[in-house]
Protein chains: 2
Amino acid sequence: MEIRTEKQDTLFVASLAKGLKLLRAFDEGHTEMALSELAARAGLDRSATQRLANTLHQQGFLEKDPVTRRFRPSHAWIELAYAYLWSDPLIALSSPKLIELSHQVGETVNMSELSGMDIVYVTRLPSPRSHFAATLIGRRIPALVTSSGRAILATLPEEERRAAIANWPVRQYTPLTTLDRGRIAGEVAEAVERGYSISKNELILNEIGVAAPILDPDGRASAAVHCSVSAFHWTTDRVEREIVPYLLDTANGITPPRRHR
Amino acid sequence: MEIRTEKQDTLFVASLAKGLKLLRAFDEGHTEMALSELAARAGLDRSATQRLANTLHQQGFLEKDPVTRRFRPSHAWIELAYAYLWSDPLIALSSPKLIELSHQVGETVNMSELSGMDIVYVTRLPSPRSHFAATLIGRRIPALVTSSGRAILATLPEEERRAAIANWPVRQYTPLTTLDRGRIAGEVAEAVERGYSISKNELILNEIGVAAPILDPDGRASAAVHCSVSAFHWTTDRVEREIVPYLLDTANGITPPRRHR
DNA sequence: GCTGCCGTATCATATTATGATACTAGCAAT
DNA sequence: ATTGCTAGTATCATAATATGATACGGCAGC
């Protein structure tokens with residue numbers, strides 16, 4: 001069977017874990033799947049997939065097209081996000097300030113949180129020119145390739161910082177995505193000095209991103225406020241003059257509650 | 001055991017269904033729960049809850065505070081929303097137009113979809129004065145109490161419309177929420193004539209909502225575009241003059257793909 | 001210092017999930 | 001049309017898996 005890696009046995013329910021794998025099989029490239037496709041992507045046999053998918057379906061977690069018989073995510077998925085957003089105290093704390101910032105700068109404003117070695121977008125306030133994926137919450141991106149991730153990293157103790165830069169994953173999103181860890185280290189070092197991080201062409205061509213960390217009471221960040229603008233209309237200089245002051249002000253105005261580690 | 005209601009047996013995985021119940025136990029009022037609380041809310045015994053919650057935890061679907069031992073939703077929940085948003089073709093179709101509308105009217109703009117007898121918010125573009133819950137996607141509300149729901153209902157065949165008004169659930173959100181089905185019928189009738197629906201004080205006091213249906217190729221709607229403004233700054237008259245034209249234009253500009261029923 | 005609650009761990013049992021197989025429908029190519 | 005393939009659905013005997021009762025230990029309130 002080999003689902004679990006270690007010896008955790010009696011308090012592990014394999015069927016549940018498999019069902020979750022089915023949910024995880026959906027992403028931006030796989031928005032709708034037939035039974036066998038689903039089985040293949042989740043790494044399960046046809047029988048198991050059949051039973052689990054049916055269960056998910058009749059529990060309201062999977063929509064099933066009556067004619068194509070293909071499965072797709074249901075509204076339950078977005079309702080879980082609603083529960084998440086309530087559970088995360090940063091959301092309520094930051095919302096009004098992010099909205100204010102978005103009006104001040106007139107450009108796309110985001111908030112992202114560190115999640116393992118990635119960052120996940122939790123708030124997105126799009127401007128008229130936003131790229132589509134940039135308007136959706138829940139996107140996960142390796143921390144090292146984003147200004148948000150670098151801004152957050154910059155607040156960690158040097159030891160951790162160094163380890164992260166050396167080991168955390170990177171991925172190429174554009175031909176100009178920085179994969180060189182030496183250069184990433186340089187960017188993070190700069191963020192340490194300045195208190196914010198700025199990047200260009202990392203995720204999308206002609207996109208400039210600026211991010212400022214949201215500091216915990218103990219000085220570490222686990223989230224960042226971030227603006228994204230087009231390099232057609234902006235230069236990094238102008239971003240630093242016209243956006244960064246508001247950005248820092250916003251980020252500094254948010255104090256998350258202390259949380260156990 | 002009694003989880004399932006009918007005779008669907010061999011292709012039903014009870015453990016998975018129970019695990020899903022745990023996820024569903026979280027909502028705006030229950031953002032973080034101890035094991036026994038979770039067990040109570042999900043209607044499961046302590047042992048089952050222990051095993052299922054541990055499985056969810058080690059699969060990354062539940063965060064566990066190391067000191068309080070309380071569980072809360074993880075980032076996985078919001079990533080599912082990301083997958084959902086990609087899977088729903090209406091999101092990509094409508095995004096640019098909704099953003100445009102939000103700049104035209106300068107007020108909160110939403111898109112919601114019919115989900116059973118409720119509507120669910122799938123897009124939210126908040127304005128500076130938005131109520132917090134009004135900035136979060138994934139909220140589910142009985143269709144009959146919202147202008148969106150009524151606007152959608154107004155596009156259905158009279159038979160279905162009548163049945164829905166008679167049987168679908170309602171719920172009191174403010175002292176002024178309309179619970180009288182006769183008056184709801186009147187509102188829907190008005191929406192049939194005008195092509196949009198307007199309401200006041202239904203969900204929040206001093207809130208005016210206007211919604212226009214997004215019509216499928218066959219003339220039925222399963223979604224609506226919606227604006228929400230404060231009655232301190234607006235009258236319904238002014239809303240009809242200054243918002244409705246843009247709103248209708250936006251809604252009419254969105255044509256969802258035909259989908260099997 | 002005692003009591004009760006809550007989270008954690010263990011274990012023998014049979015209920016439950018398993019996955020191989022057979023059946024059926026739709027589609028493509030011949 | 002006929003055949004053959006692929007993909008979804010249904011069935012079933014088997015044993016592996018989930019079960020839930022119980023016991024342990026820590027912590028908080030009394």
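Keep in mind that this is a model prediction, so the values were computed, not measured. Chain naming here is simple, since letters A, B, ... match the order of the sequence lines and numbering starts at 1 in each.
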Give a yes/no on whether any side-chain N or O of R69(A) is located under 4.0 angstrom from OP1 or OP2 of dT9(D). yes

Of the listed nucleotides dG8(D), dG20(D), dA17(C), the one nearest the side chain of S15(B): dA17(C)

Nearest-Å distance for atom pair CG/C1', residues L11(A) and dG7(C): 12 Å

Side chains of H57(B) and N54(B): is there a donor and an acceptor less than 3.5 Å apart? no

Considering just the side-chain nitrogens and oxygens of S36(B), establish if one lies under 4.0 Å of OP1 or OP2 belonging to dC5(C). no

Distance, rounded to the nearest Å, where L44(B) contributes CG and dT19(D) contributes C1': 12 Å

So, OP1 or OP2 of dT18(C): does either fall under 4.0 Å of a side-chain N or O from K18(A)? yes

Gap between atoms CG and P, on L52(A) and dG8(D) respectively (whole Å): 15 Å

Round to the nearest Å and state the distance from L16(A) atom CG to dA17(C) atom C1'. 14 Å

Mark yes when over 12 heavy atoms from residues, nucleotides or ligands other than K64(A) sit less than 6.0 Å from its NZ; otherwise mark no. yes

Distance in Å, L11(A) CG paired with R51(B) CZ, rounded so as to fall on 0.5 Å steps: 8.5 Å

To the nearest angstrom, how far is L38(B) atom CG from dC6(C) atom P? 14 Å

Taken to the nearest whole Å, CG/L56(B) to P/dA18(D) is 13 Å

Between dA10(D), dT8(C), dT19(D), which one does the side chain of S47(A) approach most closely? dA10(D)

Using heavy atoms to find the nearest nucleotide of DNA chain D for A34(A) and Q50(B) separately, return the residue whose nucleotide is more 5′. A34(A)

Any side-chain donor paired with an acceptor under 3.5 Å for S112(B) and S148(B)? yes

Any donor-acceptor pair under 3.5 Å joining the side chain of R51(B) to the base of dG20(D)? yes

From the list dC6(C), dA17(C), dT9(D), which nucleotide is the closest neighbour of the side chain of K64(A)? dT9(D)

For R46(A) and V13(A), find the nucleotide of DNA chain D closest to each by heavy atoms; which residue's nucleotide sits nearer the 5' end? R46(A)

On the ring face of Y173(A), is R171(A) found with NZ or CZ under 6.0 Å from the centre and within 45° of the axis? yes

What's A48(B) touching, base or sugar-phosphate or nothing? Going by heavy atoms closer than 4.0 Å. nothing

Between dA17(C), dG7(C), dG20(D), which one does the side chain of D45(B) approach most closely? dG20(D)

Of the nucleotides dT22(D), dG7(C), dG8(D), which has the atom closest to the L35(B) side chain? dG7(C)

d(CG, D65(A); C1', dG8(D)) in whole Å: 14 Å

From CG of N54(B) across to P of dT10(C) the rounded distance in Å is 13 Å

